[in-house]
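In listed order, ligands and their atoms are each counted from 1. For reference, positions follow the sequence shown, starting with 1. No experiment lies behind these values; they were computed from the predicted model shown.
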Amino acid sequence: MDSKLQKYRSKVMSAEEAVSVVESNSRIYLQANAGTPKVLVNALATRAPHVENVEIFHILTFGECPYAAAEVAKHIRHNALFLGANLRDAVNRGDADWTPIFLSDIPKLFYEGYIPLDAALIQVSPPDEHGYCSLGVAVDMTLAACRTAKMLIAEINPKMPRLLGDSFVHISKLDRIVLVDHDLYEYHSGEIDETSKKIGEYIAGEIEDGSTLQMGIGAIPDAVLSFLHDKRNLGIHTEMFSDRAIELIEEGVINGEKKTLHPGKIINCFLMGSRRLYDYVDNNPFVESHPVEYTNDPFVIAQNDKMVAINSALSIDLTGQVNSDSIGHMAYSGFGGQLDFIRGAARSKGGKPIIGMPSTAKKGTISRIVGELAPGAGVVDTRGDVRWVATEYGIVNLFGMTRRQRAKALIELAHPKFREELQEFAIQHRYI
Ligand code: COA
């Protein structure tokens, strides 16, 4: 055992023993994203038959989801504050819950006692010479959970990178420690298809030298990054980032020199990528992780001049209402930080909030630009928030446009095979 851990050896135990303190009626926080503590999660699922009415809160988790099984849900009910693929079926069949909330607001649930946490299950880096463990790739709302939960149950993993910034928990605060050495979950971006490339190129065309970027996850942000090689002095202030940014950092395109807030630093609250990314950020003074109530606060974001926020959506109606969290009544993801950044970028001097999405879904069979949103479809960005919208047919800024102008502009961004029916809808409802 590491000499720094010797003093705390009485707290070191197996995962099963560590979670045995989870009792009926307790409320548990689970660190998520690439930081999901795999061993504790599995141990908790085996504890399920021994407890009743336990509620567990988390954002997107990776990997197997033993706790989503219907028989576990009778004992431990999950509440997704952002929904990932592994819990989507459970939520939509009623075996788990889904809470619509801005990512920046989640810490408030803990700090202000809306959700009093009995325990937090976390994964941290080994303690440094002063005893501080980093929350690593998932600082987000985990720091708030660590500061408010009655008990911290932690995996200490040498594979968790030590992220600098406001990301630390002192080892003395950990109540139960499980020593692990497993790989973190990784996210690998796929090939960028032709449609995403076109959208990426349109969006990249709007990005001026000296801009600060926020990028969501997925094909479109990845595509945008691949068109930025000839830009200068870009910066990053984001909720999350992944591998593709490294290339631009190494080329000197992303250097943060023109940032008006935290110059020379990449600011983020979580990371999802490959081991290459996790090694890159380890102990790297260029990269700082901060809690989500800071990174995603629109008033903080707005202090970055030329802030460009790039996010995606599921559909948009002809007035500009953006739907990104559900497909009709089916819960799909969540607010995440989308509106936090859309609003922050809108307030920034020279800022540009951008929504980029393919014009169609389901292999081209349906239009994402619609006369009206499907029943149940959640509006994440109101028509007052939305500015730039891009598809593979172009990019347009809706700010200040009348409903008539918006409808016309959005029809131009739709796939040609859907333009006529959109036109008819717009005429029928006297939009145009
Ligand atoms: N109607 C029916 N199905 C639709 C649809 C629509 N309007 N739009 C998309 N779909 C389907 C797609 O065909 C795809 O299905 P498939 O997997 O069977 O091919 C699936 O839904 C996912 O769509 P896609 O566009 O590929 O999703 P994505 O992975 O690019 O994510 C969002 C897009 C909007 C879901 C995602 O960006 C999100 O959750 N945003 C909100 C949170 C956020 O932006 N946070 C800030 C950044 S971290």
Side-chain angles (χ1 to χ4, degrees), residues 32-34 59-60 80-85 87-89 92 98 100-106 138 140-141 187 189-193 195-196 199-200 213-224 236-242 245 268-273 292 295-296 298 301 308-317 321-345 353-381 385-386 389-392 414-415 418:
N33 291 322
I59 54 171
L60 182 152
L81 305 166
F82 185 90
L83 186 54
L87 205 60
R88 203 168 282 141
D89 284 348
N92 286 303
W98 182 53
I101 188 161
F102 302 139
L103 222 66
S104 59
D105 270 345
I106 296 175
D140 43 52
M141 63 291 308
Y187 162 79
S189 51
E191 280 289 296
I192 305 171
D193 63 21
T195 303
S196 303
I199 301 166
L213 310 179
Q214 172 260 340
M215 297 137 304
I217 196 158
I220 287 163
D222 277 352
V224 175
I236 296 183
H237 180 113
T238 190
E239 177 178 306
M240 59 85 54
F241 75 102
S242 99
N268 71 95
C269 76
F270 69 85
L271 301 160
M272 290 199 303
V292 68
T295 57
N296 284 34
I301 296 164
V308 181
I310 304 159
N311 290 281
S312 196
L314 294 163
S315 63
I316 181 169
D317 75 12
Q321 301 190 89
V322 168
N323 148 248
S324 337
D325 67 348
S326 71
I327 299 178
H329 297 284
M330 190 190 87
Y332 192 82
S333 54
F335 277 87
Q338 183 165 125
L339 194 56
D340 295 334
F341 277 92
I342 291 284
R343 288 195 168 152
I354 302 176
I355 295 289
M357 63 176 173
S359 67
T360 61
K362 297 274 168 218
K363 299 193 170 45
T365 56
I366 59 166
S367 178
R368 296 199 196 216
I369 297 180
V370 291
E372 58 196 345
L373 297 178
V379 172
V380 166
D381 313 309
D385 289 300
V386 175
V389 179
T391 70
E392 68 275 28
H415 190 287
F418 294 110

Can you list every pair that meets side-chain hydrogen bond (donor to acceptor under 3.5 Å, both in side chains) and has a residue in residues 354-369, with sequence neighbours left out?
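Applying side-chain hydrogen bond (donor to acceptor under 3.5 Å, both in side chains) to every pair that reaches into residues 354-369, excluding sequence neighbours, yields S359-E392.
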
So, does A219 sit close enough to ligand 1 that a heavy atom of it is under 4.0 Å from the ligand?
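Distance cut 4.0 Å: A219 fails for ligand 1.
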
Could you tell me whether ligand 1 has any atom less than 4.0 Å away from a heavy atom of F82?
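The answer is yes, since F82 has a heavy atom less than 4.0 Å from ligand 1.
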
Can you name the atoms of ligand 1, numbered from 1 with element, that are less than 4.0 Å from a heavy atom of I366?
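Counting atoms of ligand 1 from 1, those under 4.0 Å from I366 are 1 (N), 2 (C), 6 (C).
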
Can you name the atoms of ligand 1, numbered from 1 with element, that are less than 4.0 Å from a heavy atom of G334?
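In order of numbering, the contacting atoms are 41 (C), 42 (C).
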
May I ask you to check if ligand 1 and S333 share an N or O to N or O distance below 3.5 Å?
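Yes: some nitrogen or oxygen of S333 is under 3.5 Å from one in ligand 1.
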
So, is A313 polar-close to ligand 1, with some N/O to N/O distance under 3.5 Å?
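By distance alone, the answer is no.
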
Would you say atom 5 (C) of ligand 1 has a protein heavy atom nearer than 4.0 Å?
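Looking at atom 5 (C) of ligand 1, one finds that a protein heavy atom does lie closer than 4.0 Å.
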
What I'd like to find out is whether the side chain of F102 reaches to under 4.5 Å of the side chain of N296, using heavy atoms alone.
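Not touching, per the 4.5 Å side-chain cut-off.
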
Side-chain contact test, heavy atoms from C-beta onward, threshold under 4.5 Å: evaluate it for V322 versus M357 and give yes or no.
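No, too far: nothing below the 4.5 Å cut-off.
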
Would you mind finding which of D340, I327, V380 brings a heavy atom closest to atom 21 (O) of ligand 1?
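Selected option, by shortest heavy-atom distance: I327.
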
Proximity winner for atom 23 (O) of ligand 1, if only heavy atoms of M272, K362, M357, R368 are counted:
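It is R368 whose heavy atom sits nearest to atom 23 (O) of ligand 1.
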
Kindly write out the residues that satisfy salt bridge (charged side-chain N to carboxylate O under 4.0 Å, His left out) with D325, not counting sequence neighbours, or none if the list is empty.
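Once residues adjacent in sequence are excluded, D325 has no partner under the salt bridge (charged side-chain N to carboxylate O under 4.0 Å, His left out) criterion.
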
I need the nearest protein heavy-atom contact for atom 10 (N) of ligand 1: residue, atom name and distance, please.
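Among all protein heavy atoms, the one nearest atom 10 (N) of ligand 1 is A361 CB, 3.7 Å.
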
